[in-house]
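Below is one structure, written out as structure tokens; the observations come after it.
In each ligand, atom 1 is the first atom listed, and ligand 1 is the first ligand listed.
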Amino acid sequence: MSIFTPDLYLHRITDLTPQRLAQHHIRGIILDVDNTLTHHGSQEVTQEILDWLALMKHHGLKLTIASNNYDKRIRPFAKKLGLDYIAMSCKPMTIAFTKACKRFQLPPGQVALVGDQVYTDILGGNLKGLFTVLVQPFELETGWLFRAKRKLEQRHLRHCRIEEQEKE
Ligand SMILES: [Mg+2]
């Protein structure tokens, strides 16, 4: 498996079930924000996401946000969800993930990382030894740099199949 390959590829974060996480002995989740929990730069969050977060907490999963975005963007969002957060987390560097595992008091093998970008979220998560979950972005970015990056990402996902939501 390549360092750019996620352990799991899903349409959206809400397709990730407690059962699936339990299968992999996951007890903590590090969450990306932009295009994973909400639209890029948005402070809004859907009821579906709120329900999913509540479900994860109900199953005893520890949660924290780790975003490369600024503190002033992430702080109010994390506060609204009642989650710990790490802003300016410099993914794919693994410093933020080390910090999150320490906060959780869990080894990397029991922590999942959910994000929408291969070159930051998945690469960093794999380097740290986390269980990496790639989700499709809420929306495709319009800038040329982002579009070029998304095209490159596809090369690493050729052999990855998006798994459908498990029936409960
Ligand atoms: Mg993102």
Side-chain angles (χ1 to χ4, degrees), residues 2-16 20-21 26 28-53 56 61-101 103-104 108 111-157 160 162-163 165:
S2 143
I3 201 83
F4 298 105
T5 310
D7 292 302
L8 192 60
Y9 188 16
L10 299 171
H11 279 297
R12 52 191 94 71
I13 195 167
T14 48
D15 290 339
L16 188 60
R20 167 82 68 157
L21 293 167
I26 301 301
I29 314 174
I30 302 170
L31 303 157
D32 174 51
V33 174
D34 292 306
N35 265 328
T36 297
L37 287 175
T38 188
H39 292 272
H40 192 91
S42 171
Q43 294 292 339
E44 299 307 313
V45 63
T46 63
Q47 189 58 47
E48 200 186 356
I49 294 284
L50 292 173
D51 292 346
W52 181 84
L53 290 168
M56 294 296 131
L61 285 143
K62 298 175 181 182
L63 305 171
T64 193
I65 280 170
S67 168
N68 280 0
N69 216 325
Y70 299 106
D71 189 88
K72 72 169 189 219
R73 184 270 183 272
I74 299 304
R75 188 174 2 102
F77 186 80
K79 195 175 172 192
K80 192 171 178 175
L81 302 185
L83 296 176
D84 282 333
Y85 74 97
I86 302 165
M88 299 283 287
S89 60
C90 301
K91 297 176 280 187
M93 287 171 68
T94 56
I95 317 159
F97 298 154
T98 303
K99 202 168 163 183
C101 291
R103 248 182 218 174
F104 289 159
V111 175
L113 175 278
V114 188
D116 69 297
Q117 289 200 51
V118 169
Y119 296 117
T120 53
D121 303 306
I122 302 308
L123 174 60
N126 283 339
L127 287 172
K128 183 67 192 171
L130 307 175
F131 180 75
T132 50
V133 183
L134 181 69
V135 293
Q136 291 197 302
F138 264 63
E139 63 202 330
L140 283 175
E141 303 86 350
T142 49
W144 67 270
L145 194 61
F146 257 114
R147 273 186 288 146
K149 192 158 69 173
R150 292 292 181 196
K151 205 164 182 178
L152 280 175
E153 285 184 344
Q154 285 310 312
R155 295 196 328 191
H156 302 293
L157 302 174
C160 292
I162 296 182
E163 298 195 30
Q165 186 173 17

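Not a single salt bridge (Lys or Arg N to Asp or Glu O under 4.0 Å) links Lys128 to another residue, sequence neighbours left out. Applying the side chain to side chain contact (heavy atoms under 4.5 Å, CB included) rule to Tyr119 yields the partners Phe4, Lys149, Leu152, Glu153, His156; only residues at least two apart in sequence or on another chain are considered. Every residue meeting the ring-ring contact (aromatic ring centres under 6.0 Å, His included) condition with His39, not counting sequence neighbours, appears here in chain and number order: Phe138.
A cation-pi arrangement, defined by a distance under 6.0 Å to the six-membered ring centre and an angle within 45 degrees of its axis, is absent between Arg150 and Phe146.
Under 4.0 Å is where a charged nitrogen must lie from a carboxylate oxygen, and between Lys62 and Asp84 no such pair does.
With Ile29 as the partner, the side-chain contact (heavy atoms from CB on, under 4.5 Å) test is satisfied by one option alone out of Leu61, Leu53, Ile65, Ile13: Leu61.
Only protein atoms were considered; those of element N, O or S under 2.8 Å from the Mg ion (ligand 1) number 3.
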